[in-house]
Amino acid sequence: MPDDVFGDALPQADRPSRKRQLSDKDQRSQEDRFADCLNYPLIYELAELLPPPSKVGCPRGYPPVIYLLIAALMTVTGSKRSALGALSSKQWRSVRAAVRRHAGRRAALLLPQEAPNRHHYLYAEDKLLVPSFDAMHEYFERYAVQQALAQGLFPADAPRNWAAPQRRQLMVGDATVPKAPSKAERAEIADTTTGEIRRYRVDSAARIYYENGEEKKTVARGTKWFFASARDTGYWQRVILTVEHVAGGEYEDEAAVAVRAFTRLQAQLPGAMGVVYDGAFRGIHRDLLARCGLLVVNNQHGSVKPRAYELLRPGRCRHDLWCDQGRIAERILLDDGTSHLVPVPVTRLEHREGVNKSRWYHLLRIDCRHGPHTHRVPVGITTTQADRSLTDPDTRKRLPSDAERDFHRAEYLQQIPENTLAHQLVYPYRSDAESIHNQLDQSLWNSRMISYGIDRQKIFLLGFALAQNATSHQLHLARDVAPSLPAPPRTQGVGSTERSTPTKILEESRSGQALAVLEPVTKGV
């Protein structure tokens, strides 16, 4: 198609291959990932959000940072037992050195000579980590945003090409369902032969989900988790921006959780241009994100069929415009009485940012025997009566909104149409979300969730995100920080007398004050 800003779609055999073999420097051993977690500043800062020890009762055997380290390390080894076993066998001296280096001597002196046992962690998980999850999750998200910016993602001063955004300018998201810790769906099951009542441990958080798209649905039983991430070219340099539970059913579905998360992250990432997602996004979800000024790159739903758009009569011409494959096409009548839809070239994807919402347009070039015509068509947003109404340039009368016309514009007209070269180059970035899911499956013992109950599973997923971002942080330092430069300043110690900077940051954020920078975060990154 000549003069089209998105380009012609290529056959599968002619598309450029982006697969590459991981080099030796991309490999990461278990010992390396242990060291990454021990030297990740965020773990020590999150420990300051945990409640202080009580003045009555038995004293704590270990400082709270140890339990956060275990939460991150068990996603590296695959279970709590293996993580604690690795600590007690050969890593406890390294833990003491890391705590002394990042949290100060006072915190290191509180460490006993031996590593904790499993019952120590399970008790702390229920009494310390679970009650503090909301505060830790909020601080993790803000830290991850700052880490992404420090690693060169979402640069605010980089040039923006809306028709061909760069990988580092896009957020990628998807949800996955790890298998439930047990197959049992009932606590008591009667043996059909003997009548004996057998008791099983049941995960109260597990439910039935459907995965793998609209054509081939797969039943999965477990808990569903949404991830939002971003990266450039490095495989291990991905930054997980947030992780959230998807309740599903009569509560919130995956797309609603994703839209809320992307909207919240976009407010903190001025350099973010858009979102890459799968077919779970429909027109209503694309509409909400497009109003916030974000591109939404995903596949059209299979139920969307061609629909008549408008009859254009510029002068002596007549052009019958339809919506087809996410863009405007012209209906051409053939000699045999049938018709054919020919895509109209798009010369420009326009983005106009308003006070309350953004607007998106396709600038069309309609070829005609009387000379080409230019025509501007709104895309990505379904207008309502509350939006600014359009007027007919000839009669000056108000034109009805899309909602009044019963026309779901965001469902039929995409910002980047699916059957184009631009979509073929950008949409494969979504495979990075599948890479996160693969890493999560490898973090599970026997490919099953290792914690029962939604509260403990939230801690496990937070630990998984901490371990992934810790490796990304260390690889970034190894690549960009010269050995001759002084070491980054230490974060505030866990056992220091001055109370936590993270708590102050969260209080300021809840009061509505803008966060210019997170001082301890940028220093640690």
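Since we're looking at a predicted model, the values are computed, not measured.
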Under a plain distance cut-off of 3.5 Å, with no hydrogens placed, do [Y] and [X] share a side-chain donor-acceptor pair?
| X | Y | result |
| --- | --- | --- |
| Arg286 | Asn298 | yes |
| Gln457 | Asp203 | yes |
| His423 | Gln415 | no |
| Tyr277 | Glu254 | yes |
| Asn419 | Gln325 | yes |
| Thr223 | Arg207 | no |

Under the 3.5 angstrom rule, does the side chain of [X] hit a backbone N or O of [Y] as a donor-acceptor pair?
| X | Y | answer |
| --- | --- | --- |
| Trp360 | Glu350 | no |
| Gln169 | Pro159 | yes |
| His301 | Gly283 | no |
| His362 | Leu364 | no |
| Ser132 | Leu129 | no |
| Thr382 | Ala410 | yes |
| Ser339 | Arg331 | no |

Under 6.0 Å between ring centres: does that hold for Phe262 and Phe226? yes
Centres of the Phe407 and Tyr412 rings: under 6.0 Å? yes
Run the salt bridge (charged side-chain N to carboxylate O under 4.0 Å, His left out) test against Arg264 and tell me which residues pass, sequence neighbours left out.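 If we apply the salt bridge (charged side-chain N to carboxylate O under 4.0 Å, His left out) test to Arg264, skipping adjacent residues, the hits are Glu141, Glu244.
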Point-to-point distance, once rounded to the nearest 0.5 Å, from [atom1] of [X] to [atom2] of [Y]:
| X | Y | atom1 | atom2 | result |
| --- | --- | --- | --- | --- |
| His476 | Thr471 | NE2 | OG1 | 14.5 Å |
| Phe464 | Leu444 | CZ | CG | 8.5 Å |
| Leu42 | Gln147 | CG | CD | 8.0 Å |
| Leu265 | Arg260 | CG | CZ | 11.5 Å |
| Leu466 | Ile240 | CG | CD1 | 9.0 Å |
| Arg221 | Ser182 | CZ | OG | 6.0 Å |

Contact summary for [X] and [Y], nearest pair of heavy atoms:
| X | Y | result |
| --- | --- | --- |
| Ser443 | Gln439 | OG-O, 2.9 Å |
| Ser204 | Gly453 | OG-CA, 4.2 Å |
| Gly7 | Asp4 | N-OD2, 3.1 Å |
| Ala470 | Asp36 | CB-O, 3.6 Å |
| Ala163 | Ala422 | O-CB, 3.4 Å |
| Arg365 | Val344 | O-CG1, 3.6 Å |

Going through the checks in order, is the side chain to side chain contact (heavy atoms under 4.5 Å, CB included) test met by Glu45 and Tyr143? CA-CA 10 Å; Glu45 295 183 17; Tyr143 190 102; 3.9 Å; yes
Verdict with reasoning, Phe227 to Leu440, per side chain to side chain contact (heavy atoms under 4.5 Å, CB included): CA-CA 11 Å; Phe227 290 92; Leu440 178 60; 4.1 Å; yes
Is a salt bridge present between [X] and [Y], judged by a nitrogen-to-oxygen distance below 4.0 Å?
| X | Y | answer |
| --- | --- | --- |
| Arg359 | Glu353 | no |
| Asp324 | Lys305 | no |
| Arg231 | Asp432 | yes |

Check step by step if side chain to side chain donor-acceptor pair (under 3.5 Å) holds for Thr233 and Arg168. CA-CA 8 Å; Thr233 55; Arg168 60 177 181 167; over 6 Å; no
Salt bridge (Lys or Arg N to Asp or Glu O under 4.0 Å): pairs with one or both residues in residues 444-459, sequence neighbours excluded: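 Listed once each, the pairs are Glu125-Arg456, Asp126-Arg456.
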So the salt bridge (Lys or Arg N to Asp or Glu O under 4.0 Å) pairs with at least one residue in residues 401-413 (sequence neighbours excluded) are Arg282-Glu411, Arg398-Glu404, Asp402-Arg405, Asp402-Arg409
Contacts of Thr263 meeting side chain to side chain donor-acceptor pair (under 3.5 Å) (sequence neighbours excluded), chain-then-number -> none
Sorted by chain and number, sequence neighbours left out, side chain to side chain donor-acceptor pair (under 3.5 Å) with Lys179 holds for none
Within a reach of under 6.0 Å around CG of Asp336, are more than 12 heavy atoms found that belong to other residues, nucleotides or ligands?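 For Asp336, atom CG is crowded (more than 12 foreign heavy atoms under 6.0 Å).
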If you draw the axis of the six-membered ring of Tyr361, does the NZ or CZ of Arg352 fall within 45° of it and under 6.0 Å from the ring centre? yes
Identify every side-chain donor-acceptor pair in residues 311-319 under 3.5 Å, counting partners at least two apart or on other chains, and give the distances.
residue : atom : partner : partner atom : Å
Arg316  : NH2  : His370  : ND1          : 3.2
His319  : ND1  : Glu330  : OE2          : 2.7

Would you sort out whether Leu321 and His375 count as a side chain to side chain contact (heavy atoms under 4.5 Å, CB included), showing the intermediate values? CA-CA 11 Å; Leu321 302 183; His375 186 54; 4.1 Å; yes
May I have the step-by-step check of side chain to side chain contact (heavy atoms under 4.5 Å, CB included) for Phe281 and Asn299, ending in yes or no? CA-CA 8 Å; Phe281 272 4; Asn299 290 333; over 6 Å; no
